[in-house]
Amino acid sequence: MDNKEHMNTKRIFKNLSVVYRELFRYARQSIWQLPLYALVCIILPLLLSAIPAVAIEMLTQDDLGRYVFGISALLAASTLLTVIRIFLGNRFDLNIMGMRLQTFCARLLRKCLTMDFCNLEPARQQKKMFRATYSVTNNGRGVEGLTRYSFELFYGIFGLLSYGTIMFSMHWSVLVIVAVTTVATYFLKKHAILYWRRLADDRYKAGRVNSMLEHQGISLEYGKDIRIYHVEHWFRDIFDEQLRIMRRVIAKQELHWYFSTVGEQVGNLIRDLVMYLILIRMVLNGSISVAQFMFYVGVVASFSVWMNETVTHLLQVMETNVEAEHYAEAMEIKDVFQHGSGETPDLSCGMSIEFRDVSFRYEEDGADILSHLSFVIEPGKKVALVGNNGAGKTTIVKLLCGFYLPTEGEVLVNGISTKDYDMDEYGKLISPVFQDGFMSAFTVAMNIAGGKEADIDGDRVRHCLREADIWDKIRSLDKKEDTYITQTLERDGVNFSGGEIQKLLIARALYKDGKCLILDEPTSALDPIAESRIYEMYNEMTREKTSVFISHRLASTRFCDEILFLENGKVAERGTHEELLTKKGAYTEMFEIQSHYYTKEESAGQAELQKGGSL
């Protein structure tokens, strides 16, 4: 966002209307509390300025009783107003924080969880969502800061008008001096803030790197590698380097703030000096009394504070509006697929899949991952996708799951393009087991069912755990399927092995019971015995389902009806395992290499056993 957008008054008022509408919806009492709070904030400094003046005036009247009563009344009034100001200020802080969390945070979270994956995965979109998250998760920044500083600016303007009227009664030249110093202060601070904006990318990059290091440093997932490979020094060096970058960035922006502050204070000095000279002259020529002099001195001091804070709040409104824009931009991201409208899948004849002349690239100017790819999977068929890394297997899964649209061509399910489906309904068809799938730190049952405890079908959860060959492990635990995964939320949680997590992922896919089962390297973390059991149960898992199986282990594809061997984003060979072997092509070559490896491994194992037996 450039500087012109930064100064865009129209966008500021639009964002202000949004945040205040949500504030009044969240806390209706704010409708009357905010005007009262503003009034108290304006009156209280005037009252405090009046107390010394009234005290001096009463002392000249030689009436002790009236003096005590008057001063007591003024002090009581100032105390009451102070209490009201603190109470209303605390309520305002709580209300805008609650509004931020309950309204804006909740909406952004829902957006992140439901937006099309193609709008979330790319790096540019990650940056956009990171900035939007910053806007709604920090006190005094973004949405909350815009609400706070705009309100303080609002009553600050009224305070300036009130105090300015009093000061104008002193001498017309006062307003000229105030206008000049105010404009100078505004531009000095504006320059510092705009420079701070120019350093945003540097702060963003350093902050992202350090956030990643902090996350990985305490993560169990990376903990073993960090320790065994002694990368703590490497991590620390990177962390320190990013901190040095951040310190340099902060030093640059602080230097600009320093010059801004010095210029501001010089302007304040000149303004206050002139005002005090005017006041002293007025006392000496008898235009005002000593009591009035004391009152005006308090007004001058308060006015200086009002003016500086109002200029600061104006610039803070402009700055936090830019951050609030990041939230608005994220919320305005348009869905690529249809949601709540479009075709509803008709599964009366099963689920067929067709890739028709599909090409795909992740970036407009990037290389094709898939190139004019065409194939058909008939309803109820089991198809394996195999090939070297980078052949396009995972990309095919992403397209089939409705994460992306093809760059060219179409993905058809039962003859209808995925772009024409209601993706909320279409998503119910797919039961995937991703290679990098994860389990959250809640209970096993909640992870399998994907919902709250009240919505869980316990019998079905246990059935799926049996189908995935993990029930024996689960029932051996004290809380069985109500056991928490990891100890993040519960002290008696369990850290499951990689193979056990894969079985839980399979159980989750079975619980969903989609008409298309996708298994992306589902047995990569399983031992041979467990892998064999999964294969034996595969026919039962895929009964009346269309299934897509991805594996690097070609021997594991024998149970599939057809195998698609992929090279450079195209189908190089297709057929059954036996048919592909007879072709003596790339599939055969890869299979023989793997078979040779497995044979060597098996022979080495037998030799080791024989050696052990002779001891």
Side-chain angles (χ1 to χ4, degrees), residues 105-106 109-110 112-114 117 120-121 126 129-130 133 137 208-232 235-236 239 431-512 518-527 529-531 533-534:
C105 263
L109 176 61
R110 186 178 185 279
C112 290
L113 294 176
T114 59
F117 190 73
L120 182 65
E121 186 179 38
Q126 287 282 302
M129 298 309 295
F130 178 84
T133 301
T137 56
R208 286 279 287 176
V209 172
N210 282 346
S211 294
M212 178 198 71
L213 294 176
E214 290 166 2
H215 166 70
Q216 293 183 352
I218 63 175
S219 170
L220 294 177
E221 181 181 358
Y222 303 103
K224 297 186 292 293
D225 297 272
I226 288 173
R227 284 155 180 79
I228 201 65
Y229 286 104
H230 300 290
V231 299
E232 67 274 9
F235 269 36
R236 189 175 62 193
F239 190 82
S431 290
V433 178
F434 298 117
Q435 185 177 359
D436 55 353
F438 84 104
M439 290 275 140
S440 65
F442 295 102
T443 67
V444 170
M446 292 170 71
N447 273 278
I448 300 303
K452 301 176 183 177
E453 293 183 32
D455 302 326
I456 295 173
D457 184 339
D459 292 336
R460 187 174 169 190
V461 167
R462 289 184 284 274
H463 172 74
C464 293
L465 291 170
R466 291 189 188 95
E467 288 288 298
D469 195 33
I470 188 65
W471 175 242
D472 288 342
K473 168 68 176 182
I474 300 301
R475 72 177 179 180
S476 70
L477 304 173
D478 292 339
K479 295 184 179 180
K480 298 181 172 56
E481 66 269 22
D482 292 324
T483 301
Y484 277 78
I485 297 176
T486 76
Q487 298 174 344
T488 302
L489 299 178
E490 289 288 334
R491 184 179 300 177
D492 57 355
V494 173
N495 293 314
F496 291 96
S497 69
E500 290 166 343
I501 290 293
Q502 281 198 320
K503 290 181 179 181
L504 291 174
L505 292 171
I506 293 173
R508 182 172 67 183
L510 295 176
Y511 187 95
K512 185 179 180 183
I518 300 176
L519 302 176
D520 186 357
E521 298 285 358
T523 61
S524 60
L526 298 181
D527 59 73
I529 296 176
E531 183 181 27
R533 289 176 181 169
I534 292 294

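Just so you know, these numbers come straight off a predicted model, no measurement behind them.
Among all heavy-atom pairs drawn from Glu121 and Gln126, the shortest one is O-CG, 3.8 Å. The two residues Ser440 and Asn447 make their nearest non-hydrogen contact at N-OD1, 2.8 Å. Of all heavy-atom pairs spanning Ala449 and Ile456, the tightest one is CB-CG1, 3.7 Å. Among all heavy-atom pairs drawn from Arg475 and Asp472, the shortest one is NH2-OD1, 3.3 Å. The two residues Thr137 and Cys105 make their nearest non-hydrogen contact at CG2-SG, 4.0 Å. Closest non-hydrogen pair, Ala468 versus Ile506, comes out as CB-CG2, 4.0 Å.
Here the OG1 atom belonging to Thr443 is positioned 9.0 Å from the CD1 atom belonging to Ile448, to the nearest 0.5 angstrom. Between the CD1 atom in Ile485 and the CD1 atom in Ile501 there is a gap of 5.5 Å [rounded to 0.5 Å]. Between atom CD of residue Glu467 and atom CG of residue Leu465 there is a gap of 10.5 Å, rounded to the nearest 0.5 Å. The distance from the CG atom of Asn495 to the OH atom of Tyr484 is 15.5 Å, given to the nearest 0.5 Å. Separating the CZ atom in Arg462 from the NZ atom in Lys480 is a distance of 10.0 Å, to the nearest 0.5 Å. Here Cys464 contributes atom SG and Lys503 contributes atom NZ; the two are 15.0 Å apart, rounded to the nearest 0.5 Å.
Ser431 places a side-chain N or O within donor-acceptor distance of the main-chain N or O of Ala509, the cut-off being under 3.5 Å. At distances below 3.5 Å, at least one donor-acceptor pair connects side-chain atoms of Tyr511 with backbone N or O atoms of Asp457.
With a 6.0 Å radius and a threshold of 12 heavy atoms from other residues, nucleotides or ligands, Asp478 has its CG atom at or below the threshold.
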Self-check item: Step-by-step side-chain contact (heavy atoms from CB on, under 4.5 Å) determination, Phe496 to Ile474
Solution: CA-CA 10 Å; Phe496 291 96; Ile474 300 301; 3.9 Å; yes
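The side-chain heavy atoms of Leu489 and Phe442, taken from C-beta on, include a pair separated by under 4.5 Å.
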